[in-house]
Q: 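Let me give you the structure first, and then I'll get to my questions.
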Amino acid sequence: MDRLTAHLNPEQLAAVTLPHEHALILAGAGSGKTRVLTTRIAWLIQNGLVSPAGVLAVTFTNKAAREMLARLSAMMPLNPRGMWIGTFHGLCNRLLRAHHRDAALPQTFQILDSADQLAAIKRLMKSLNIDDQRHPPRQVQQFINGAKEEGLRAKDIEIVDDFNRRHVELYAAYDDQCQREGVVDFAELLLRSHELLERNLPLRQHYQARFSHILIDEFQDTNTLQYKWLKLLAGPRSAVFAVGDDDQSIYRFRGANIGNMAAFEREFGVKNLVKLEQNYRSHGHILDCANTLIRNNTTRLGKELWTEAGEGEPVRIHEALSDTLEAQWLLEEVRGLINEGWARSDIALLYRSNAQSRVLEHALFSAGIPYRVYGGLRFFERAEVKHALAYLRLMENAADDTSFLRVVNFPARGIGARSIEQLQDAARMAGSSLFDATATLSGAAGTKLQAFAQLIARLRQETALLPLPEVVEHVVERSGLIVHYQSEREGQERIENLRELVNAAAAFLAEQGVDTQMPANAGLADDVITMTPLAAFLSHASLEAGDNQALEGTDALQLMTVHSAKGLEFDGVFITGLEEGLFPHENSIQEQDGLEEERRLMYVAITRARKRLYLSLSQTRMLHGQTRYNLRSRFLEELPEEHLKWLTPRAGLARNDWGGAGQGGWGGAGWAGGARGSGYGNTGTERGSGRYIGGGSSGGRALDAPTYTSPADQRAAARFDRGVPWRAGQTVAHARFGEGVILAIEGSGQDARVQINFGRQGVKWLALSVAKLDPVA
DNA sequence: TCGGTTCAGAGTATT
DNA sequence: TCTGAACCGA
């Protein structure tokens with residue numbers, strides 16, 4: 001026991017050794033949150049305060065669950081298998097498998113991932129002849145998931161207009177379809193187990209009595225339904241130990257409800273609130289930046305990080321002229337670090353949106369620096385893997401129409417759209433699955449469809465007695481997938497992935513051990529899940545999409561969005577694109593609490609860095625095919641000057657003497673044509689929101705061409721001479737709106753107007769004859 | 001049924 | 001600008 005708690009700081013120790021009561025642990029970034037969670041569990045068990053079976057620990061990601069399990073196994077000789085540690089979805093799956101009858105599900109129900117769900121919705125809408133222009137399937141999907149995450153069934157939703165009536169009808173029809181086909185989507189896993197526990201009193205009491213300690217990680221990310229689920233599981237004798245950080249709540253767009261933290265405190269009568277504020281990750285300058293920034297948020301529970309690590313280096317800021325030059329600078333800086341002996345994998349390049357990675361990748365690729373981009377397709381999401389899984393799913397559950405349609409003609413068997421339509425009609429008439437309806441069709445189409453059904457039946461028989469990896473191997477071979485990809489030009493990689501699927505099955509079996517093969521018990525058999533290894537593997541494949549295929553093992557630079565970086569840490573971090581509109585993102589500004597969430601996102605980004613933090617921005621950026629002039633991000637202005645080190649002049653380049661002499665190392669780069677700087681009246685080809693300037697070539701050429709040689713340029717120069725002393729990209733000050741960047745100039749003389757991006761004040765058109773503008777120098 | 005063309009849209013993401 | 005999805009012709 002001493003060994004467990006000896007190395008904890010006073011707050012950590014307090015949290016770990018709390019009495020058997022509800023508790024809220026406010027765990028700042030880098031404050032040892034996972035250590036507290038796992039040590040709490042180990043401490044409870046070692047002191048005989050709970051048996052492993054009495055512990056329920058919930059996380060959001062499989063990665064977090066795995067990490068918790070790994071750390072626990074290192075702390076305790078116990079087999080942690082008896083504990084319920086997993087993701088919300090994983091645990092719900094376990095619950096529903098164990099009580100599938102009570103939950104009105106077939107034992108072999110399949111789990112739809114987001115893509116499967118969308119396909120199911122499209123298919124449904126087609127069968128109901130619903131206009132998918134007026135009701136885009138994605139929107140319907142969002143509606144359904146949103147409702148489920150609020151804990152609402154179709155019947156619970158109030159109908160306010162015809163449009164929403166359609167959505168509600170689709171929701172009901174979708175649920176019927178899923179029920180018929182024996183499939184559940186992600187949100188359904190949660191909702192269905194909630195309903196199961198809500199309706200079944202003995203079952204609920206059983207689990208409430210069993211789980212005397214419920215621990216939740218990343219509590220600030222819980223959605224409404226997850227919170228309700230926890231409330232239902234927590235019985236009169238359960239203690240809920242919720243760990244979270246309101247300052248790191250960045251997932252509202254996916255349903256996370258920060259309000260759950262306050263609700264938890266209130267509804268559970270939480271008396272134990274522990275703040276973990278000592279940070280073990282970052283140096284002082286970095287932490288002070290984070291603290292100061294987040295203080296600008298008004299709705300906080302309140303927390304201040306501190307460290308014993310010392311000040312470290314100041315935070316470096318670099319302002320580039322263009323996005324490519326920003327990338328160029330990053331490249332040089334990274335090279336420098338590598339020459340100093342830094343490992344590439346200790347350096348992360350963060351950005352707000354995925355689109356920003358392209359420019360960075362281009363620079364890194366050209367320079368031959370290995371990098372790894374997070375996000376993207378993951379193993380179980382790859383088309384060939386999903387095809388193989390569809391065969392396996394059909395073998396488990398022939399009613400799975402989504403899987404049926406996916407592979408009925410893949411590889412091609414001469415079953416065309418018309419045959420499928422006939423089959424769908426027949427199935428609808430008979431109220432049966434597509435698989436069963438194959439028997440009713442006659443003619444050539446019927447024969448082919450029946451042959452497919454027989455193929456599935458045959459695969460099922462042939463593999464009945466085989467161990468899981470051989471089942472997968474057999475299906476991959478006999479389904480014709482391998483042969484198909486052999487004839488495809490770029491099929492080799494796909495074949496390798498199919499082989500890898502066999503390995504994944506073997507690995508899964510080895511890890512899972514005997515768990516899946518235990519016999520069923522009567523009554524409230526909650527630990528014993530009667531699942532074939534195949535069914536368990538299919539659940540696993542749906543619930544854990546696997547890694548993306550990035551090359552593991554090589555020492556590579558880490559590229560990712562700020563969101564993906566949450567929970568990670570690096571010695572060196574570059575936060576790029578710190579511009580108004582990008583970070584904070586313009587879409588978020590309209591949203592309620594959107595700006596505060598962006599600020600939390602910035603806070604998350606800053607607190608990823610251990611030793612060295614770089615912030616970078618660019619004056620122009622190519623976005624949606626237009627050159628865009630952005631203001632510096634307000635978040636930069638919110639950082640304390642004494643912790644910063646500007647690598648470029650603080651005021652940046654937005655001056656009268658663009659590209660002029662004496663501007664340090666970047667005077668000659670990119671916009672070396674400063675000579676024309678005295679003015680270029682861009683007539684601006686307005687499009688959309690008008691936030692962009694330049695219509696491709698005219699804007700672009702102006703930037704590169706220093707002299708007025710072309711007729712167009714001469715005209716532009718003439719226009720300037722007639723008295724429009726401004727140019728696009730220039731920073732100006734306005735008495736009421738503050739600083740802004742000129743986006744476009746229209747007209748001349750008395751009619752001249754300028755469009756200015758005033759950042760938080762918005763984008764405005766001002767008449768030059770009226771508005772009083774000053775150059776910012 | 002494939003392959004080219006056209007068009008819209010372009011924010012963050014786990015299960 | 002660039003991408004993915006939808007669509008049409010052979």
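Order of the sequence lines sets the chain letters (A, B, ...), proteins ahead of strands, with each chain counted from 1. Predicted model only: the values in this text are computed from it and were never measured. No hydrogens, no waters, no symmetry mates; every other heavy atom, side chains included, goes into these values.
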Q: If the P atom of B:dT12 is compared with that of C:dA5, how far apart are they to the nearest Å?
A: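 It works out to 15 Å between them.
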Q: Which whole-number value in Å describes the distance from A:Gln626 CD to B:dG9 P?
A: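 Roughly 16 Å, once rounded to whole Å.
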Q: C:dT1 P sits how many Å from A:Arg621 CZ, rounded?
A: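 After rounding, the reported distance stands at 17 Å.
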Q: So does A:Arg634 pair up with A:Glu598, basic N to acidic O under 4.0 Å?
A: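 No, this pair does not count.
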Q: Figure out the CG/C1' separation between A:Asp323 and C:dC2, and round it to whole Å.
A: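 Value for this atom pair: 14 Å.
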Q: Enumerate, atom names and distances included, each donor-acceptor pair closer than 3.5 Å involving a side-chain atom of residues 124-135 of chain A, sequence neighbours excluded.
A:
from, atom 1, to, atom 2, distance (Å)
A:Ser127, OG, A:Leu124, O, 2.8
A:Asp131, OD1, A:Gln133, N, 2.9

Q: Using the test side-chain hydrogen bond (donor to acceptor under 3.5 Å, both in side chains), find all partners of A:Glu195 that sit at least two apart in sequence or belong to another chain.
A: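 Partners of A:Glu195 by the side-chain hydrogen bond (donor to acceptor under 3.5 Å, both in side chains) criterion, ordered by chain and then number, come out as A:Arg153.
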Q: Is there, by distance only and without an angle test, a donor paired with an acceptor across the side chain of A:Glu591 and the base of B:dG11 below 3.5 Å?
A: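 Such a pair exists between side chain and base.
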Q: Among all residues two or more places apart in sequence or in another chain, which pass the ring-ring contact (aromatic ring centres under 6.0 Å, His included) test with A:Tyr251?
A: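 Here the qualifying residues are A:Phe253, A:His563.
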Q: Applying salt bridge (charged side-chain N to carboxylate O under 4.0 Å, His left out), can you list everything that pairs with A:Arg254, at least two apart in sequence or on another chain?
A: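 Residues passing salt bridge (charged side-chain N to carboxylate O under 4.0 Å, His left out) with A:Arg254: none at all.
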Q: Rounded to the nearest Å, what distance is computed from the CD atom of residue A:Gln356 to the P atom of nucleotide C:dC2?
A: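 Distance check: A:Gln356 CD to C:dC2 P gives 16 Å.
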Q: What does A:Lys566 touch in the nucleic acid at a heavy-atom separation under 4.0 angstrom: a base, only the sugar-phosphate, or nothing?
A: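 Result for A:Lys566 = nothing.
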Q: Heavy atoms from C-beta onward define the side chain here; which of C:dC2, B:dG11, C:dA6 lies closest to that of A:Arg358?
A: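 For the A:Arg358 side chain, the nearest candidate turns out to be C:dC2.
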Q: Whole-Å distance between B:dG11 P and A:Gln590 CD?
A: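 Those two atoms, CD and P, are 14 Å apart.
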Q: Would you classify A:Asn223 as touching base, sugar-phosphate or nothing, given that sugar-phosphate means primed atoms plus P, OP1 and OP2, and contacts are heavy atoms under 4.0 Å?
A: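 The residue A:Asn223 makes no contact with any strand.
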Q: A:Phe410 CZ to B:dT1 P: how many Å, rounded?
A: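 Spelled out: CZ on A:Phe410 to P on B:dT1 is 12 Å.
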Q: Could you give the distance separating B:dA13 and C:dC2 at their C1' atoms, to the nearest angstrom?
A: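 Each nucleotide's C1' atom is 22 Å from the other's.
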Q: Mind listing the closest non-hydrogen atom pair of A:Ala103 and A:Leu196 along with its distance?
A: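 Scanning both residues completely, I find the closest heavy atoms to be N-CD1, 3.9 Å.
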Q: Tell me every residue that passes side-chain contact (heavy atoms from CB on, under 4.5 Å) with A:Ala242, counting only those two or more places apart in sequence or in another chain.
A: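 Partners of A:Ala242 by the side-chain contact (heavy atoms from CB on, under 4.5 Å) criterion, ordered by chain and then number, come out as A:Leu24, A:Ile216, A:Phe219, A:Phe264.
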Q: According to side-chain contact (heavy atoms from CB on, under 4.5 Å), who are the partners of A:Thr59, at least two apart in sequence or on a separate chain?
A: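 A:Thr59: side-chain contact (heavy atoms from CB on, under 4.5 Å) contacts with A:Ala64, A:Ala65, A:Met68, A:Thr87, A:Asp217.
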Q: List for me each residue that meets ring-ring contact (aromatic ring centres under 6.0 Å, His included) alongside A:Phe365, sequence neighbours excluded, and say none if there are none.
A: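 Scan of A:Phe365 (ring-ring contact (aromatic ring centres under 6.0 Å, His included), adjacent residues dropped) gives none.
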Q: Under 3.5 Å, which protein N or O atoms sit close to an N or O of nucleotides 8-10 of chain C? Give each pair with its distance.
A:
none

Q: Set out, line by line, the N/O atom pairs under 3.5 Å between protein and nucleotides 13-15 of chain B.
A:
from, atom 1, to, atom 2, distance (Å)
B:dA13, OP1, A:Thr561, OG1, 2.8
B:dA13, OP1, A:Ser564, OG, 3.0
B:dA13, OP2, A:Asn354, ND2, 3.4
B:dT14, O4', A:Arg254, NH1, 3.2
B:dT15, OP1, A:Asn62, N, 2.8
B:dT15, OP1, A:Asn62, ND2, 3.3
B:dT15, OP2, A:Arg378, NH1, 3.4
B:dT15, O3', A:Leu543, O, 3.3
B:dT15, O2, A:His89, NE2, 3.4
B:dT15, O4, A:Ser114, OG, 2.7

Q: Whole Å only: how far is the CZ atom of A:Arg352 from the C1' atom of B:dA10?
A: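 From A:Arg352 CZ to B:dA10 C1': 13 Å.
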Q: Tell me what A:Glu598 touches on the nucleic acid: a base, only sugar-phosphate, or nothing, going by heavy atoms under 4.0 Å.
A: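 Answer is base: heavy atoms of A:Glu598 come under 4.0 Å of a base.
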Q: Starting at atom CE of A:Met125, determine the distance to atom P of C:dA6, rounded to an integer number of angstrom.
A: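 Computing the A:Met125:CE to C:dA6:P distance gives 12 Å.
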Q: Before accepting this row, confirm whether a basic side-chain N of the pair A:Asp323/A:Arg628 lies closer than 4.0 Å to the acidic partner's carboxylate O.
A: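 Answer for the salt bridge query: no.
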